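Sequential numbering from 1 along the given sequence is applied to the chain's residues. This is a predicted model, so every value here is computed, not measured. For the numbers below, each heavy atom of this structure counts, side chains included, while hydrogens, waters and symmetry mates do not.
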Amino acid sequence: MPWCPKCKNEYIEGITTCTECGVELVDELPEEINPEEPFTLCTVADEETGGKFISYLAYGGITTAGLIPEENGTFQVAVAYFEKEDAEDLISKFGSAEEMAEKDISELVPELEKQLDELKDEEANVMLSELRTEASSVYVKKKDKYSDLKFSGISFIVFGILGFGMLLLNVLGYLNFFNKFSTLIMGVVFLIFLIIGVVSLLRAGKLKNIVSEEDKVTNEVLDWIDATLTDEVIASLMDDTLSEEDNYFAVHGRLCEMTAEQFPFFNKGYIDQLIDERYNDYCESKED
């Protein structure tokens, strides 16, 4: 019997379009996907091959890629559901999902290594042209990126509109700031402002849905840190024979490992920031 993939209504044979949604009916409903669960991109035979996929995805900006071991010894390459589309776009360079399922993943390793080498060369060129500061390697929350893009977009659009308004007044003779040539040049500049503004708002719109997902996962991680990494746990990791600085690096590293083990798909740079805040809270409580 045909089904509507959107509203899930069942129809009798012969009907091809849903009367409510207007979409084409399918013979079987697609498998329900739980957005709370990791999304599997492909399955690889060994951890080494899986690691190459993870590196490739990481270079492409995917922050939640990880490996899930299976009972038969293979590994699933998976990402958090909110990064599914971006990850699929990167993986699509090696073929469609159907082709990936039918193909021996080991055949893709040479092409994968080639892609990785190109990405590494590109990153090396960037590092040579720009001195990386410590701040550049710090994880930037999607919420902050969204706010920056939104503010930039609105600012550029406002300046573009005001600029065109000023040019219009100049053309009508109310102002006398520009001649014809400079009016043309400034018109191009203000048009570029508008384009940059629109593009920034579009990018902000794409991030908006990810922001809520990031906040939700962050709250889960923070709740776990508060409940598990108590002052007693942190104190038990301290070594009296080490200096305060050495203790910080040793304990901080162990707390990060514990959190990463509990949340393998959470960004490691963000974990580092959250643990740093937790360790500072512990130090302040000792002083009190």
Nearest non-hydrogen partners of W224 and M258, listed with the distance: CH2-O, 3.7 Å
V233 vs T228 side-chain heavy atoms within contact, under 4.5 Å: no
Over all atoms of both residues, closest heavy-atom pair of A87 and I62: N-CD1, 3.7 Å
Beyond-backbone contact of F164 with L191, side-chain heavy atoms, under 4.5 angstrom: yes
Minimal non-hydrogen separation, A204 against K150, with atom names: CB-N, 4.0 Å
Under 3.5 Å: donor-acceptor pair, side chain of S155, backbone of F151: yes
Side chain to side chain, F190 and L167, heavy atoms closer than 4.5 Å: yes
Interatomic distance, I185 atom CD1 to K180 atom NZ [nearest 0.5 angstrom]: 15.0 Å
Exceeds 12 heavy-atom contacts within 6.0 angstrom, atom CD of E257: yes
L25 vs T16 side-chain heavy atoms within contact, under 4.5 Å: no
Residues Q76, T40; criterion side-chain hydrogen bond (donor to acceptor under 3.5 Å, both in side chains); working and verdict: CA-CA 6 Å; Q76 292 182 6; T40 299; 2.7 Å; yes
Between CD on residue Q273 and SG on residue C256, distance to nearest 0.5 Å: 10.5 Å
Closest non-hydrogen atom pair between L57 and A65, with its separation: CD1-CB, 3.8 Å
No-hydrogen, no-angle side-chain donor-acceptor test under 3.5 Å, D215 and T218: no
Atom of T230, atom of R278 and distance for their closest heavy-atom approach: C-NH2, 3.5 Å
Spatial distance of atom CE (M186) from atom CE (M166) [nearest 0.5 Å]: 5.5 Å
Working for side-chain contact (heavy atoms from CB on, under 4.5 Å), residues S182 and N179: CA-CA 5 Å; S182 58; N179 57 31; 2.8 Å; yes
Hydrophobic cluster identity match, L242 and V251, side-chain contacts under 4.5 Å: no
Pairwise side-chain contact, V44 with F53, heavy-atom cut-off 4.5 Å (strictly under): yes
E24 side chain to T17 side chain, donor-acceptor N/O pair below 3.5 angstrom: no
4.5 Å side-chain heavy-atom contact, V77 and F75: no
Evaluation steps, side-chain contact (heavy atoms from CB on, under 4.5 Å), between D281 and D231: CA-CA 9 Å; D281 290 341; D231 288 352; over 6 Å; no
Separation between NZ of K216 and CD of E220, rounded to the nearest 0.5 Å: 6.5 Å
Rounded distance (nearest 0.5 Å) linking atom CD1 of I275 with atom CD1 of I234: 7.5 Å
Verify same cluster id: V189, V171 (apolar side-chain graph, 4.5 Å): no
Whether R254 side chain and L237 backbone form a donor-acceptor pair below 3.5 Å: no
Neighbour count above 12 (heavy atom, 6.0 Å) for E245 CD: no
Y248 OH: over 12 foreign heavy atoms closer than 6.0 Å: yes
Donor-acceptor pair, side chain of D276 and main chain of D272, under 3.5 angstrom: no
From NE2 (H252) to CG (N280), nearest 0.5 Å: 8.5 Å
CA sep, side-chain torsions, deciding dist, call: L194, F159, side-chain contact (heavy atoms from CB on, under 4.5 Å): CA-CA 8 Å; L194 288 176; F159 280 118; over 6 Å; no
Co-membership, hydrophobic cluster, residues L169 and V158, 4.5 Å side-chain: yes
Side-chain heavy atoms of L274 within contact of V221, under 4.5 Å: yes
Check against side-chain contact (heavy atoms from CB on, under 4.5 Å), D239 and D246: CA-CA 9 Å; D239 187 342; D246 289 339; over 6 Å; no
NZ/NE/NH1/NH2 to OD/OE distance under 4.0 Å, E88 and K84: yes
Co-membership, hydrophobic cluster, residues I161 and L201, 4.5 Å side-chain: yes
Same apolar cluster (I L V M F W Y, side chains within < 4.5 Å links), L202/F156: yes
Mutual orientation of the aromatic rings belonging to Y279 and Y282 [parallel < 30°, tilted 30-60°, perpendicular > 60°]: tilted
Pairwise side-chain contact, I196 with I157, heavy-atom cut-off 4.5 Å (strictly under): no
Donor-acceptor side-chain pairing of E83 and T64 below 3.5 angstrom: yes
